[in-house]
Novice: 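Shown below is the structure under consideration.
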Amino acid sequence: MLNLKCLVESNSLKSIPSSYICFNKNEENDFMLIDETNDIPTIDFSQLISSDLNARSVAIQKLGDACRDWGFFMLINHGVSETLKDEVIKGSQCFFDLSNEDKKEYIGEKLFDPIRCGTSFNLKVDKTLYWRDYLKCYVHPQFHVPNKPIAFSETLEEYVTKSRELIGELLKGISVSLGLEENYIQKTMNVDMGSQLLVINYYPPCPKPELVMGLPAHTDHGLLTLLMQNELCGLQIEHNGKWIPVNPLPNSFLINTGDHLEILTNGKYKSVVHRALVMNKKAARISVGTAHGPTLDTIVTPAPELLSKDSPSIYRGITYKDYLQLQQSRELERKSCLDCIRI
Ligand SMILES: O=C(O)CCC(=O)C(=O)O
Ligand SMILES: [Fe+2]
């Protein structure tokens with residue numbers, strides 16, 4: 001199977017294969033790239049769970065504003081240790097360093113394979129290949145991860161459990177920010193038994209990074225994605241028609257809203273468009289995301305409580321599973337899959 005890391009390390013890579021050259025990369029030049037990184041909202045998790053009701057309510061307000069205006073924020077004071085995050089990154093590097101023989105059993109094309117590794121986005125539909133290898137694992141409600149490298153499974157189990165706890169608290173805050181009961185999203189979306197997909201992205205070094213794309217502009221499925229990365233940057237988010245580079249604060253998590261939060265809120269909280277550039281000629285960038293969604297059979301529709309005569313439903317209901325299938329069958333592109341279910 002195609003494995004970009006192997007290709008890059010084989011020394012045979014004198015020039016970028018034409019299949020990777022992203023010709024339309026700058027077609028979106030109307031998007032001026034500017035550095036408004038410092039404006040990206042920051043949410044203090046400790047305030048969100050504070051027993052001081054006033055502090056909590058201020059944090060919830062900030063959280064709602066961040067979801068409405070950006071669909072993206074950095075989460076600080078979240079209580080997850082740097083050691084655990086480092087172990088996840090190190091384990092990820094070791095996983096991608098395994099031999100092809102060791103990884104063979106995880107190679108797959110099927111969307112609902114519990115564990116699958118591959119390259120680009122979806123080889124069946126990609127017109128251009130993306131400069132990225134990946135490992136995807138369904139880690140909830142059943143926990144599936146590779147049994148190699150040693151101890152990676154334990155590290156990941158601890159990490160994805162912590163990430164679910166953080167997302168649970170964020171969803172409470174988001175429910176309240178919408179004027180809904182605290183457990184509204186968790187209950188209606190069956191989040192306790194919901195799907196959690198771990199995605200580890202490996203962007204190998206590239207001799208001509210300006211010619212390739214790690215992941216093109218897209219939105220994520222699910223309610224919220226929690227993301228972290230090694231020391232290399234590359235993520236950009238779309239905000240007010242501009243690409244904003246993300247330079248994470250030390251020890252922060254990056255959180256973005258997903259398509260299903262947009263559906264549930266009837267467009268009030270938009271799913272943020274983002275992309276990953278490749279910027280490094282010498283080192284690999286690793287990012288680790290967990291996408292948190294409802295159970296696969298949950299039909300997601302706009303919350304009736306948020307609808308009115310003036311604000312009728314703009315999305316038709318669809319099960320999470322059908323939505324994932326729809327998304328996977330299409331080329332990853334700027335226009336999000338939400339367009340398929342817009343009324
Ligand atoms: O690598 C990144 O920073 C972003 C990854 C991403 O957008 C994804 O896995 O959906
Ligand atoms: Fe994404």
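The model shown is predicted, which means the values in this text are computed figures rather than measured ones.
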Novice: Check whether the side chains of Ser50 and Asp52 place a donor and an acceptor atom closer than 3.5 Å, and report yes or no.
Specialist: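 No, no side-chain donor-acceptor pair sits under 3.5 Å.
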Novice: Check the side chains of Tyr159 and Thr290 for a donor-acceptor pair under 3.5 angstrom, ignoring hydrogens and angles.
Specialist: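 No donor-acceptor contact under 3.5 Å links the two side chains.
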Novice: Could you go step by step and tell me if Thr119 and Tyr130 meet the side chain to side chain donor-acceptor pair (under 3.5 Å) rule?
Specialist: CA-CA 8 Å; Thr119 195; Tyr130 302 114; over 6 Å; no
Novice: Check the pair Phe96 / Tyr202 against ring pair (Phe, Tyr, Trp, His ring centres under 6.0 Å), numbers first and verdict last.
Specialist: CA-CA 8 Å; Phe96 286 101; Tyr202 188 91; 4.9 Å; yes
Novice: Donor-acceptor check, side chain of Thr188 to backbone of Tyr184, threshold 3.5 angstrom: yes or no?
Specialist: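 Side chain of Thr188 to backbone of Tyr184: a pair is present.
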Novice: Kindly determine whether Cys6 and Asn100 satisfy side chain to side chain contact (heavy atoms under 4.5 Å, CB included), including the steps that lead there.
Specialist: CA-CA 9 Å; Cys6 276; Asn100 279 343; 3.7 Å; yes
Novice: Thinking salt bridges, do Asp65 and Lys62 make one under a 4.0 Å N-O criterion?
Specialist: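 Salt bridge between Asp65 and Lys62, a charged N being under 4.0 Å from a carboxylate O: no.
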Novice: Salt bridge check, Lys242 against Glu238: does any charged N sit closer than 4.0 Å to a carboxylate O?
Specialist: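 Salt bridge: no.
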Novice: Could you check whether any side-chain heavy atom of Asn147 comes within less than 4.5 Å of a side-chain heavy atom of Phe152, counting everything from C-beta outward?
Specialist: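 A side-chain contact is absent here, since even the closest heavy-atom pair is not under 4.5 Å.
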Novice: Nearest heavy-atom pair of Val139 and Arg164: which atoms, and what distance?
Specialist: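 Taking every non-hydrogen atom into account, O-NH1, 4.1 Å.
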Novice: Within this structure, what is the CD1-OG1 distance for the pair Ile255 and Thr225, rounded to the nearest 0.5 Å?
Specialist: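 It is 8.5 Å, given to the nearest 0.5 Å.
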Novice: Please determine if Asp102 and Lys148 form a salt bridge, counting it only when a charged side-chain N lies under 4.0 Å from a carboxylate O.
Specialist: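 Yes.
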Novice: Check the pair His140 / Val160 against side chain to side chain contact (heavy atoms under 4.5 Å, CB included), numbers first and verdict last.
Specialist: CA-CA 9 Å; His140 195 262; Val160 300; over 6 Å; no
Novice: With a 4.5 Å heavy-atom cut-off, do Ile76 and Phe253 have their side chains touching?
Specialist: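 Ile76 vs Phe253: side chains apart.
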Novice: Could you state the interatomic distance from CG (Leu170) to CG (Leu223), rounded to the nearest 0.5 Å?
Specialist: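 The CG atom of Leu170 sits 11.5 Å away from the CG atom of Leu223.
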Novice: Between Thr319 and Asp297, do the side chains contain an N or O donor and an N or O acceptor separated by less than 3.5 Å?
Specialist: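 Their side chains do not contain a donor-acceptor pair, so the 3.5 Å distance test is not met.
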Novice: Do Asp310 and Ser308 meet the criterion of a side-chain donor-acceptor pair at a distance under 3.5 Å?
Specialist: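 Judged by distance alone, the side chains do not pair up.
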Novice: Are Thr155 and Leu84 side-chain neighbours, meaning at least one heavy-atom pair lies under 4.5 Å?
Specialist: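 Side-chain contact under 4.5 Å: yes.
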Novice: Is the charged tip of Lys321 near the ring of Phe112: under 6.0 Å from the six-membered ring centre and within 45° of its axis?
Specialist: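 Yes, a cation-pi geometry holds between Lys321 and Phe112.
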Novice: If we count only N and O atoms by modelled type, under 3.5 Å, do the side chains of Arg285 and Gln229 hold a donor and an acceptor together?
Specialist: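 The answer is yes; a qualifying pair exists.
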Novice: Is it true that Glu87 and Lys90 make a salt bridge, defined as a side-chain N closer than 4.0 Å to a carboxylate O?
Specialist: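 Not counted as a salt bridge, because no side-chain N and carboxylate O are separated by less than 4.0 Å.
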Novice: Would you say Gln196 and Ser163 are linked by a side-chain donor-acceptor pair, where the criterion is simply a distance under 3.5 Å?
Specialist: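 Their side chains do contain a donor-acceptor pair, which is all the 3.5 Å distance test asks for.
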Novice: Using side-chain heavy atoms (C-beta onward) and a distance below 4.5 Å, is Ile341 in contact with Ile263?
Specialist: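 Ile341 vs Ile263: side chains touch.
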Novice: Looking only at side-chain N and O atoms, does Asp220 offer a donor or acceptor that is under 3.5 Å from a partner on His274?
Specialist: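 A pair is found: one side chain offers a donor N or O, the other an acceptor, under 3.5 Å apart.
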Novice: Which is it for His221 and Tyr323 under the ring pair (Phe, Tyr, Trp, His ring centres under 6.0 Å) test, yes or no, and what are the steps along the way?
Specialist: CA-CA 8 Å; His221 59 75; Tyr323 190 87; 7.7 Å; no
Novice: Do the charged groups of Lys162 and Glu165 touch, with an N to O distance under 4.0 Å?
Specialist: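 No.
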